[in-house]
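One structure is given below, encoded as structure tokens.
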2 protein chains.
Amino acid sequence: MSTSHLKEALDTLKQTGVRITPQRHAILEYLINSMTHPTADEIYKALEGKFPNMSVATVYNNLRVFREVGLVKELTYGDSSSRFDFTTSDHYHAICESCGKIVDFHYPGLDEIEQFASHVTGYKVSHHRLEIYGTCSECSKKEAH
Amino acid sequence: MSTSHLKEALDTLKQTGVRITPQRHAILEYLINSMTHPTADEIYKALEGKFPNMSVATVYNNLRVFREVGLVKELTYGDSSSRFDFTTSDHYHAICESCGKIVDFHYPGLDEIEQFASHVTGYKVSHHRLEIYGTCSECSKKEAH
DNA sequence: TAAACTAATTATAAAGATTATTAAATGATA
DNA sequence: TATCATTTAATAATCTTTATAATTAGTTTA
């Protein structure tokens, strides 16, 4: 499952003429396997063991490259640093306001709102962004105590 | 219209026991009158004339205070700095990817998605966030040339 | 395979936004 | 007015991200 994602991603890079370096391979692999939507720093720290002298700039550079190619989405929430999400299919995020956990979920047919907004604002709409905020079940349980 | 907003806001502050200083008054007033969802720095620059020796920290501090009281919402988009929005009624934002202009629009009945998400993820949902991205009519015209 | 060229990485510095700190000033209250 | 808590201003510090320049690695071509 995730290995095929990785394979596809590497193919995409090849086709776009982006070199597949060990660092890029590792960052992609980490992004695909981690379900946590990590920050650049988290990726950096996670790969420190494998690449003792990789620089943070490399992480940022490659995340930018991935984003430009469309492999990765950059998510900005209220907190200080961006989070990065390997783009599989279109989905939305539910964010726990207590522990920060992010869960993906699908919800079809929100295109009509794009049409509506386009009509009301006069904007030529390219895409939209939607997030749900709340408390995850674990944190709800903890609060109950 | 906007004066009543200001009055209400000042009342809220009074009730919460937050002092109404000239700086706070000015920041609130600016936020209410400006339709531009300014950054902290823009607010700072706009009020430099009135308060020649106000510090940026004051702007940040008070925006935090306003946010905690619920008068102001902090918006984080892809760009580096947060934008601040006086919370009137619930509305969504349409953002121009070319010039950055933000337009408000209303869209009723998106509560069902909260219920759906709650059901799928197990989250206790508190609120959601939705944005539309695209090109505003001015920029569309410019591009046409 | 070696030489030449291009791209990527590293290390470091720099920029920009936000927060923390502390002393001085202000406003509320008795 | 005196007192006390809050707020401001000035500044430093922190944190995230980007820019720069030198080195390294990868690719291509002869």
Side-chain angles (χ1 to χ4, degrees), chain A residues 9-10 12-30 37-69 71-85 100, chain B residues 9-28 30 37-69 71-85 100:
Chain A
L10 295 175
T12 306
L13 289 186
K14 237 180 236 169
Q15 286 167 22
T16 331
V18 176
R19 284 189 192 159
I20 299 160
T21 65
Q23 291 91 336
R24 284 180 180 163
H25 192 285
I27 293 173
L28 265 184
E29 197 174 18
Y30 181 78
H37 311 76
T39 64
D41 197 59
E42 281 167 5
I43 298 171
Y44 172 66
K45 290 223 169 62
L47 300 179
E48 232 176 6
K50 242 186 205 165
F51 300 88
N53 46 2
M54 178 171 65
S55 90
V56 209
T58 300
V59 176
Y60 276 103
N61 283 340
N62 291 329
L63 287 173
R64 174 160 19 92
V65 170
F66 296 156
R67 192 190 30 178
E68 284 166 359
V69 177
L71 285 177
V72 160
K73 263 191 192 153
E74 185 172 355
L75 316 170
T76 61
Y77 304 125
D79 56 348
S80 48
S81 43
S82 291
R83 299 178 164 278
F84 296 87
D85 187 19
Chain B
L10 296 176
D11 277 352
T12 306
L13 290 186
K14 238 180 233 169
Q15 285 167 22
T16 331
V18 176
R19 285 190 192 159
I20 300 160
T21 66
Q23 291 90 337
R24 283 181 181 162
H25 193 285
I27 293 173
L28 265 184
Y30 181 77
H37 311 76
T39 64
D41 197 58
E42 280 166 6
I43 299 171
Y44 173 65
K45 289 223 170 64
L47 300 180
E48 232 175 5
K50 241 186 206 164
F51 300 88
N53 47 1
M54 179 170 63
S55 90
V56 209
T58 299
V59 176
Y60 277 103
N61 284 338
N62 290 329
L63 286 173
R64 174 159 20 93
V65 170
F66 295 155
R67 192 191 31 180
E68 284 166 359
V69 177
L71 284 176
V72 160
K73 264 191 193 153
E74 185 172 355
L75 316 170
T76 60
Y77 304 125
D79 56 348
S80 49
S81 43
S82 291
R83 300 178 164 277
F84 296 88
D85 187 19

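Hydrogens, waters and symmetry mates are skipped; everything else that's a heavy atom, side chains included, is used. These numbers come from a predicted model, not from an experiment.
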request  = For the residue pair B:T21 and B:T58, establish whether any side-chain heavy-atom pair is separated by less than 4.5 Å.
outcome  = no

message = Within this structure, what is the CZ-CD1 distance for the pair B:R83 and B:I43, rounded to the nearest 0.5 Å?
response = 10.5 Å

task = List in chain and number order the residues that pass side-chain contact (heavy atoms from CB on, under 4.5 Å) with A:E29, two or more places apart in sequence or in another chain; answer none if no residue qualifies.
result = A:L6, A:H25, A:N33, A:K50

remark   = Residues at least two apart in sequence or cross-chain that pass side-chain contact (heavy atoms from CB on, under 4.5 Å) with B:A26, listed by chain then number, are B:L47, B:F51

key: Sorted by number, the residues of residues 18-27 of chain B with heavy-atom contact under 4.0 Å to DNA chain C   = B:R19

message = List the residues meeting side chain to side chain donor-acceptor pair (under 3.5 Å) with B:E48, not counting sequence neighbours, and say none if there are none.
response = none

task = For DNA chain C, note the earliest and the latest nucleotide, 5' to 3', having some atom under 4.0 Å of a heavy atom belonging to chain A.
result = C:dT6 to C:dA11

remark   = Value for CD1 (B:I20) from OG1 (B:T12), rounded to nearest 0.5 Å, stands at 9.5 Å

task = Would you please name every residue forming a side chain to side chain donor-acceptor pair (under 3.5 Å) with A:N62, sequence neighbours left out?
result = A:R24

remark   = Sorted by chain and residue number, the side chain to side chain donor-acceptor pair (under 3.5 Å) partners of A:R19 (sequence neighbours excluded) come out as none

ask   = What distance separates A:Y44 OH from A:Y30 OH, expressed to the nearest 0.5 Å?
value = 14.0 Å

remark   = Its 5'-most and 3'-most nucleotides having an atom under 4.0 Å from a non-hydrogen atom of chain A, DNA chain D is contacted over D:dT16 to D:dT27

request  = Apply side chain to side chain donor-acceptor pair (under 3.5 Å) to B:E74 and list each qualifying residue two or more places apart in sequence or on a separate chain.
outcome  = B:R67, B:S82

task = Would you indicate whether the side-chain heavy atoms of B:V69 and B:F66 approach each other to under 4.5 Å?
result = no

Non-hydrogen atoms of A:L63 and A:A40 that approach each other most closely = CD1-CB, 4.0 Å

remark   = Rounding to 0.5 Å, atoms NZ (A:K73) and CG (A:D85) come to a distance of 7.5 Å

End axis versus end axis in the helix from C:dT1-D:dA30 to C:dA30-D:dT1, the angle rounded to 10°, five pairs used at each terminus = 30°

task = Answer with base, sugar-phosphate or nothing: what part of the nucleic acid does B:S82 contact at a heavy-atom distance below 4.0 Å?
result = sugar-phosphate

task = Hey, which sits more toward the 5' end of DNA chain C by its nearest nucleotide, B:E74 or A:G17?
result = A:G17

note = Taken in chain and number order and not counting sequence neighbours, the residues that satisfy side-chain contact (heavy atoms from CB on, under 4.5 Å) with A:S80 are none

query = When rounded to the nearest 0.5 angstrom, what is the spacing between CD1 in B:I27 and CG in B:L71?
reply = 12.0 Å

ask   = Got a sec? Which of residues 40-67 of chain B come in under 4.0 Å of DNA chain C, heavy atoms?
value = B:A57, B:Y60

